[in-house]
Amino acid sequence: MSFHLLPLPARGFPFTTIFGNDWKRKADASHLYIRLKYLSRCSICSTDRNVVRIVLFTLPRNAELLMNWFGFGFNGFGQIRTNEKLTDGESAGDANVTYPISIDIVCRNLEEEPVQICQHNSNVDTQIRTSWSRRAALHSNSDGRLCLAGFGVGTPSQKGCGGCVEESRGCQDAHISEGYLALSFTDRVECWNSERNEKKPGWSMVIPDNTGPSLAFPLVPGGYIASNPPFYRPLSPQLLAVSLALGTEHAVLLTASGDIYTWGSGSHGQLGHGDLSPQEEPRAMEALMGMSMSTVAAGGWHSVCTSAGGDLYVWGWNESGQVGLPSRALRGEQQKSQDTGGASTCKDEEESYDDVFISIQAFPALVDVTQSCEVSKISCGSRHTAAVTSTGDLYTWGWGEYGQLGQGTENSSDEPRRVEFFKDQGLRVVDVVCGPWNTFVSAIKEDPSLHPDTNIINPLTKNDIEWKNCL
């Protein structure tokens, strides 16, 4: 593996020792950019200084990112597996996927001759965006495009899926709903009507230079992009928003200081203010004040967030166990199932009376997904929830009628349960994205030779980078 330093500032210091480093990954097919953060000592004055340098590494041929996407749950429009992959006598409408299967994110542009492949290997960073009937793969290469699968995309063939959105070339992020497709570029946002064959976007706006905190789409400078018209919704600049999750009728916002604000409908306790009242303007969640939060997610009528320490907080509707607390409706269904199989005992009946059931959790509740590790990623479907732990395990709970929990059944659960498929296959889960009725998971192959942060075979160690008095 070879490497060279990017141009250094004019006033550089000679270094004698590297005391520590911080690996950060941004890779393409042949290069790896790593941000090294370390304490350096000047050989002249012996003063310790914090230094950050960007190093460009050329990867050996056998180094590759072993990442793959899996899907499970509702597949009524072929958004997980296409019609050509169904077994005999099976149609897309009844082919719900109850266990994780690898999904094909290869997309080819059928309008070009010869057919051009716009994404063809796992070295290109791919993100998944979902709606009820569609799944979008956003390929973040130099010629980034959005590729769709599902309703209205076209019949798959040997030439490709036909879902490449030519207008998305160069987009940085996207948001899809049943009626609209929002594309985020570095200098603008475009919203296209999914039901019309338009030659130009139905709405667009120029993005001004952002001097504030880094924003995650659908946030834009001064506001955010909604799923339906009017697309642009203003936000107070005093909020210093950095992340926003949109539910069916509510929104959950994370600020730069780690505070959470919610607004919209509160009919199912999804705002977390202790009542069922709606909020027209963002209102701070007082129950979480003083605790720094790091991520937020919004489901149909429930909400989730994680703290900087990896704790999980949930609130809202719990009809199907999506909040991870005991659900009376769900336990009632389970009891009926048990009664069909055999009579219950007196002990079972006594225990059922002692249970405390939660239909609506109007305040944030701490849920222990697992006591051995922290929660690093979260996502919400309409009535189910998924969490990725720091050890690379996936836990799911809530509504499971379409197999969206990935447990191999269509059963629901009000308790977080690990999806054993990934552990059995030697896979480490790194990301999860929930659609309303399905779930998509990004995972890499667990390998002792892979660095836990870079996922590169035989990575550099500290001893591989000896910078003496040469800088």
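The shortest heavy-atom contact between Ile225 and Leu246 is O-CD1, 3.9 Å. When all heavy atoms are compared, the tightest approach of Thr370 to Thr389 is CG2-CG2, 3.9 Å. Closest heavy-atom contact between Leu215 and Val220: CD1-C, 3.5 Å. Across all non-hydrogen atoms, the minimal contact from Ser177 to Ser227 is OG-O, 3.5 Å. When every heavy atom of Pro100 is checked against every heavy atom of Val419, the shortest pair comes out as CG-CG1, 4.1 Å. Between Thr126 and Ala137, the closest heavy-atom pair is CG2-CB, 4.0 Å.
Using a distance-only test at 3.5 Å, with no hydrogens or angles considered, no donor-acceptor pair links the side chain of Asp414 to the main chain of Gly321. Judged by distance alone, the side chain of Gln404 and the main-chain N or O of Tyr402 form a donor-acceptor pair under 3.5 Å. The main-chain N or O of Pro436 is never found under 3.5 Å from a side-chain atom of Ser382 such that the two would form a donor-acceptor pair. Side-chain N or O atoms of Glu415 include none that pairs as donor or acceptor with a backbone N or O of Ser413 at under 3.5 Å. Panel note: side chain Trp317, backbone Trp301; no donor-acceptor pair is recorded below 3.5 Å. Thr255 places no side-chain N or O within 3.5 Å of a backbone atom of Ala241 that could act as its donor or acceptor partner. Within the 3.5 Å criterion, the main-chain N or O of Arg417 finds a donor-acceptor partner in the side chain of Gln407.
Going from atom CZ of Arg233 over to atom CH2 of Trp263 covers 10.5 Å, rounded to the nearest 0.5 Å. In this structure, NZ in Lys377 is found 8.0 Å from OG in Ser442, a value given to the nearest 0.5 Å. To the nearest 0.5 Å, atom CD1 of residue Ile260 and atom CG of residue Leu253 are 9.0 Å apart. From Arg129, atom CZ reaches atom CD1 of Ile176 across 9.5 Å, with rounding to the nearest 0.5 Å. Of the inter-residue distances, the one linking Leu146 atom CG with Ser168 atom OG reads 5.0 Å to the nearest 0.5 angstrom. Going from atom SG of Cys434 over to atom CG of Leu405 covers 9.0 Å, rounded to the nearest 0.5 Å.
Contact check for His384 versus Thr396: no side-chain heavy atoms found under the 4.5 Å cut-off. For the pair Glu281 and Tyr261, the minimum side-chain heavy-atom distance is 4.5 Å or more. Contact of the Leu330 side chain with the Ser320 side chain is not registered, since no non-hydrogen atoms from C-beta on lie closer than 4.5 Å. Two residues are said to be in side-chain contact when any heavy atoms from C-beta on lie closer than 4.5 Å; Gln361 and Leu325 meet this criterion. The shortest distance between side-chain heavy atoms of Arg81 and Ile101 falls below 4.5 Å. Annotation: side chain of Cys305 is in contact with side chain of Leu288 (closest heavy-atom distance under 4.5 Å). Under the 4.5 Å side-chain criterion, counting only non-hydrogen atoms from C-beta, Ile207 is in contact with Pro221. The side-chain heavy atoms of Pro364 and Met285, taken from C-beta on, include a pair separated by under 4.5 Å.
In the model, His250 has a side-chain atom that pairs as donor or acceptor with a side-chain atom of Ser303 under 3.5 Å. Residues Asn68 and Ser102 bring a donor and an acceptor atom of their side chains to less than 3.5 Å of each other.
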Apply side chain to side chain contact (heavy atoms under 4.5 Å, CB included) to the pair Thr130 and Val433, showing each step before the final yes or no. CA-CA 8 Å; Thr130 65; Val433 177; 4.3 Å; yes
Assess the residue pair Trp315 and Val323 against the criterion (side chain to side chain contact (heavy atoms under 4.5 Å, CB included)); give the C-alpha distance rounded to whole Å, side-chain angles, the decisive distance to 0.1 Å, and a yes or no. CA-CA 6 Å; Trp315 61 95; Val323 170; 5.9 Å; no
Test side chain to side chain donor-acceptor pair (under 3.5 Å) on Ser294 and Thr306 and set out the steps. CA-CA 6 Å; Ser294 59; Thr306 60; 3.2 Å; yes
Run the side chain to side chain contact (heavy atoms under 4.5 Å, CB included) check on Arg135 and Phe440 step by step: do they pass? CA-CA 9 Å; Arg135 178 255 301 172; Phe440 298 91; 3.7 Å; yes
How far apart are the C-alpha atoms of Val304 and Thr385, what are their side-chain angles, what is the distance that settles it, and do they pass the side chain to side chain contact (heavy atoms under 4.5 Å, CB included) test? CA-CA 9 Å; Val304 183; Thr385 309; 4.0 Å; yes
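Checked against the 6.0 Å centroid threshold, Phe151 and Trp132 do not count as a close aromatic pair. For Phe231 and Tyr180, the ring centers are positioned less than 6.0 Å apart. In this structure, Trp437 has its ring center under 6.0 Å from that of Trp399.
Among residue pairs with one or both ends in residues 176-191, those qualifying as salt bridge (charged side-chain N to carboxylate O under 4.0 Å, His left out) are Arg188-Glu190; sequence neighbours excluded. Applying the salt bridge (charged side-chain N to carboxylate O under 4.0 Å, His left out) test to every pair with at least one member in residues 385-408, sequence neighbours left out, gives these pairs: Asp393-Arg418, Asp393-Lys423. The list of salt bridge (charged side-chain N to carboxylate O under 4.0 Å, His left out) pairs with a residue in residues 290-315, not counting sequence neighbours, is empty.
Around CZ of Phe185, the count of heavy atoms belonging to other residues, nucleotides or ligands within 6.0 Å exceeds 12.
A side chain to side chain contact (heavy atoms under 4.5 Å, CB included) with Ile80 is found for one member of Ile103, Thr439, Asn96 and no other, namely Ile103.
Residues satisfying the side chain to side chain donor-acceptor pair (under 3.5 Å) criterion with His268, sequence neighbours excluded, are absent altogether. Partners of Phe422 according to the ring-ring contact (aromatic ring centres under 6.0 Å, His included) rule, which considers only residues two or more places apart in sequence or in another chain, are Phe70. Looking at residues two or more places apart in sequence or on another chain, you find no ring-ring contact (aromatic ring centres under 6.0 Å, His included) involving Phe217.
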